[in-house]
Amino acid sequence: MVMTTAKVFTAVVSCVTALMLVHIIPDLLSVKTRELFLKNKAAELDREMGLIRTQEETGRHVRMLTHEIRSTLDRHTILKTTLVELGRTLALEECALWMPTRTGLELQLSYTLHQQNPVGYTVPIHHPMINQVFSSSHVVKISPNCPVARIRPAGKYMPGEVVAVRVPLLHLSNFQINDWPELSTKRYALMVLMLPSDSARQWHVHELELVEVVADQVAVALSHAAILEESMRARDLLMEQNVALDLARREAETAIRARNDFLAVMNHEMRTPMHAIIALSSLLQETELTPEQRLMVETILKSSNLLATLINDVLDLSRLEDGSLQLDLGTFNLYAVFREVLNLIKPIASVKKLHVSLNMAPELPEYAIGDEKRLMQTILNVVGNAVKFSKDGSILISAFVAKAELLRDSRTPEFFPVPGDNHFYLRVQVKDSGIGVSPQDIPKLFTKFAQTQSTAIRNSGGSGLGLAICKRFVNLMEGHIWIESEGLGKGCTAIFMVKLGIPERLNESKLAFMPKVPPNLGPAAFPGLKVLVMDENGVSRMVTKGLLVHLGCDVTMVSSSEECLRVVSHEHKVVFMDVCVSGMDGYEIAIRIQEKFTKRHERPIIVALTGNTDKVTKEKLMRVGMGGLILKPVSLDKMRSVLSDLLEHRVLFEAV
């Protein structure tokens with residue numbers, strides 16, 4: 001019974017235990033599962049913490065490398081710093097940079113970490129392994145036996161793993177400071193990194209990411225360095241160009257000053273003998289001469305006047321080319337200008353038996369505002385050319401106001417006249433029956449000293465300076481000039497239009513500019529008039545004295561400025577002086593004479609004998625108190641007119 005009871009009790013306990021285990025075992029399994037889950041989570045957290053620590057370390061290395069790489073904008077320093085910092089951070093055995101050559105067909109070993117290999121070694125850029133690296137934006141593992149990886153000495157250990165990454169290079173095309181340069185993805189450098197040979201170490205993901213980030217930073221730094229280098233080159237080139245331009249400007253200014261000095265000297269030196277020739281010829285013309293002698297003297301005077309005109313043309317052209325010539329505007333009698341041209345041309349035309357006629361339209365105003373001298377010179381040059389190139393026949397000068405429909409001519413598309421109420425356009429046509437000109441030679445006529453293909457024109461001496469100066473004068477007067485001809489032997493027509501102003505009060509203009517009738521002055525028109533002549537040139541001094549003595553003046557001559565100041569007295573009514581003298585110039589002498597005579601009525605009238613009559617010279621003469629100027633050469637009639645105007649008005653600035 002005891003045994004049976006024990007067995008029954010044991011069976012009951014076993015059943016109870018079995019029943020309890022049915023409930024406990026799932027709990028135990030759940031606990032075990034939770035324990036495994038927690039272990040996995042702990043391992044995952046450990047991995048994540050390791051990754052975070054790795055990323056932080058990588059970020060720190062990247063920041064450090066970026067700072068070191070981008071602390072300079074020197075290309076060589078950037079690349080060398082990159083290799084050194086990568087080698088130290090990643091504990092590399094070797095690190096190298098291969099740069100493309102100028103031809104772009106090879107990669108050249110340019111930088112190494114330990115410099116164990118000669119820089120300059122090249123490999124073909126189209127190698128399959130290199131193409132694989134260049135085609136990927138990530139780090140690529142390459143064989144240690146690749147040509148770009150065989151840069152470390154052979155050893156007994158297995159070589160470490162080798163990776164390569166491309167480094168984009170900035171390609172500059174048409175670099176400009178305000179524009180961002182064009183990026184070219186076709187040019188890359190190759191960075192090769194090698195782990196030590198004596199270890200089983202392998203590349204980790206974070207290390208490869210670090211290499212990729214550094215390669216991108218190097219590319220950015222190199223782009224900045226390239227922009228800086230190109231801007232420095234552009235700056236240096238600009239500085240060189242500025243230096244060259246400044247040198248050219250100084251040379252041009254020196255050349256202009258030398259030319260102006262040369263022209264001033266030549267102007268003075270050429271006018272002095274011309275002054276003697278014209279003055280003495282005009283004096284000789286006043287004496288008793290046979291008809292043949294008188295014809296010779298008149299020919300000398302005409303030739304001398306033409307030579308003086310050529311001198312004026314040369315100087316005017318020089319001032320036109322450098323832009324210093326300005327128009328001297330004033331109210332003048334337009335009809336008188338044409339009559340004067342006709343009077344000057346008729347004697348020359350009569351020698352060649354040419355008939356010259358003038359046709360002025362009724363609507364042409366009698367008075368106009370403009371540069372009378374330049375207009376007369378233009379008309380005289382054009383008519384003179386017609387006489388020059390005509391052997392017989394006639395010359396017709398026509399002048400009229402250009403109508404509105406004639407202002408714009410299809411043959412002159414570059415001329416843009418602007419009609420207005422206070423001005424008009426004068427149109428002048430000079431038609432001759434001369435040798436004519438071929439159409440292809442017409443543009444050459446306005447070139448200085450041009451020689452056309454026509455034998456007849458070449459035999460006549462070419463166009464000289466006349467038409468070239470006329471074109472510039474007409475342009476200054478806001479006009480246009482051209483020539484029409486049907487061909488050789490058919491004559492030609494010279495046409496020009498200039499802009500002239502209309503006086504506001506025409507009646508006053510007429511009274512102020514009525515032509516003066518010269519008095520009937522005899523040979524001794526100014527008896528006893530005391531005149532002082534100062535000129536360094538003995539011939540010019542004697543010639544001027546001859547003109548004045550012929551007019552009845554009492555002349556005193558001096559050859560220096562000091563002698564002039566010593567001799568001049570209140571008895572001298574007029575002082576003629578050459579302003580181009582050595583030592584004290586004529587302007588200073590004029591000031592000293594003004595200071596010597598404090599009373600105005602005791603001061604003599606000072607007149608400059610000069611070869612320059614531009615606006616600046618006139619202003620300087622008036623500023624120092626001179627009464628006027630006379631342009632050399634001076635004829636007897638001009639001297640007579642000058643003295644008459646001086647004694648009447650005590651000022652003269654128009655005897656040119």
Side-chain angles (χ1 to χ4, degrees), residues 172 174-179 227-272 310-329 371 373-374 377 414 443-444 446-450 463-478 536-537 561 578-591 608-624 626 629 631-632 656:
L172 294 177
N174 298 326
F175 178 79
Q176 294 181 0
I177 293 176
N178 295 327
D179 296 336
I227 293 174
L228 178 63
E229 289 177 4
E230 191 65 26
S231 64
M232 294 289 286
R233 281 195 295 269
R235 185 199 64 182
D236 294 341
L237 179 60
L238 184 61
M239 290 180 64
E240 291 176 2
Q241 292 176 346
N242 288 338
V243 170
L245 287 174
D246 186 63
L247 180 61
R249 178 184 58 81
R250 289 199 298 267
E251 290 177 351
E253 290 175 350
T254 303
I256 291 173
R257 285 195 298 269
R259 185 196 66 179
N260 292 340
D261 294 342
F262 170 77
L263 288 175
V265 172
M266 290 303 297
N267 180 32
H268 181 263
E269 296 301 325
M270 286 190 296
R271 288 186 186 277
T272 298
L310 179 60
I311 295 173
N312 292 336
D313 288 349
V314 172
L315 297 173
D316 287 343
L317 184 62
S318 173
R319 291 197 293 268
L320 279 168
E321 288 178 343
D322 62 21
S324 62
L325 183 65
Q326 296 180 349
L327 294 177
D328 187 9
L329 301 180
D371 191 330
K373 177 184 174 183
R374 306 304 177 193
Q377 191 172 355
E414 66 274 15
K444 301 178 184 177
F446 296 100
T447 306
K448 297 176 288 185
F449 299 109
S463 60
L465 282 171
L467 289 179
I469 292 178
C470 286
K471 184 176 181 64
R472 288 166 171 81
F473 282 161
V474 169
N475 290 339
L476 274 178
M477 291 184 278
E478 301 181 44
E536 284 186 332
N537 187 281
S561 54
D578 188 350
V579 294
C580 299
V581 293
S582 57
M584 192 186 310
D585 62 19
Y587 306 110
E588 189 175 351
I589 298 172
I591 296 174
L609 290 170
T610 178
N612 192 1
T613 59
D614 58 14
K615 187 175 181 181
V616 176
T617 303
K618 290 181 181 180
E619 291 176 352
K620 189 183 295 185
L621 293 175
M622 287 189 290
R623 190 166 56 249
V624 299
M626 288 193 179
L629 62 88
L631 178 66
K632 291 182 180 180
V656 295

Leu329 to Asp371 - nearest heavy-atom pair and separation: CD2-N, 3.9 Å

Restricting to salt bridge (Lys or Arg N to Asp or Glu O under 4.0 Å), what partner residues turn up for Arg257, sequence neighbours left out? none

Hits for salt bridge (Lys or Arg N to Asp or Glu O under 4.0 Å) against Glu253, two or more places apart or cross-chain, chain-then-number order -> Arg249

How close do Ser561 and Ile589 get, heavy atom to heavy atom, and via which atoms? CB-CD1, 3.1 Å

As an exercise, state the distance from CD of Glu240 to CG of Asp236, rounded to the nearest 0.5 Å. 6.5 Å

Side chains of Arg472 and Leu476: closer than 4.5 Å at any heavy-atom pair? no

The single option from Arg235, Gln241, Arg233 passing side chain to side chain contact (heavy atoms under 4.5 Å, CB included) against Leu237: Gln241

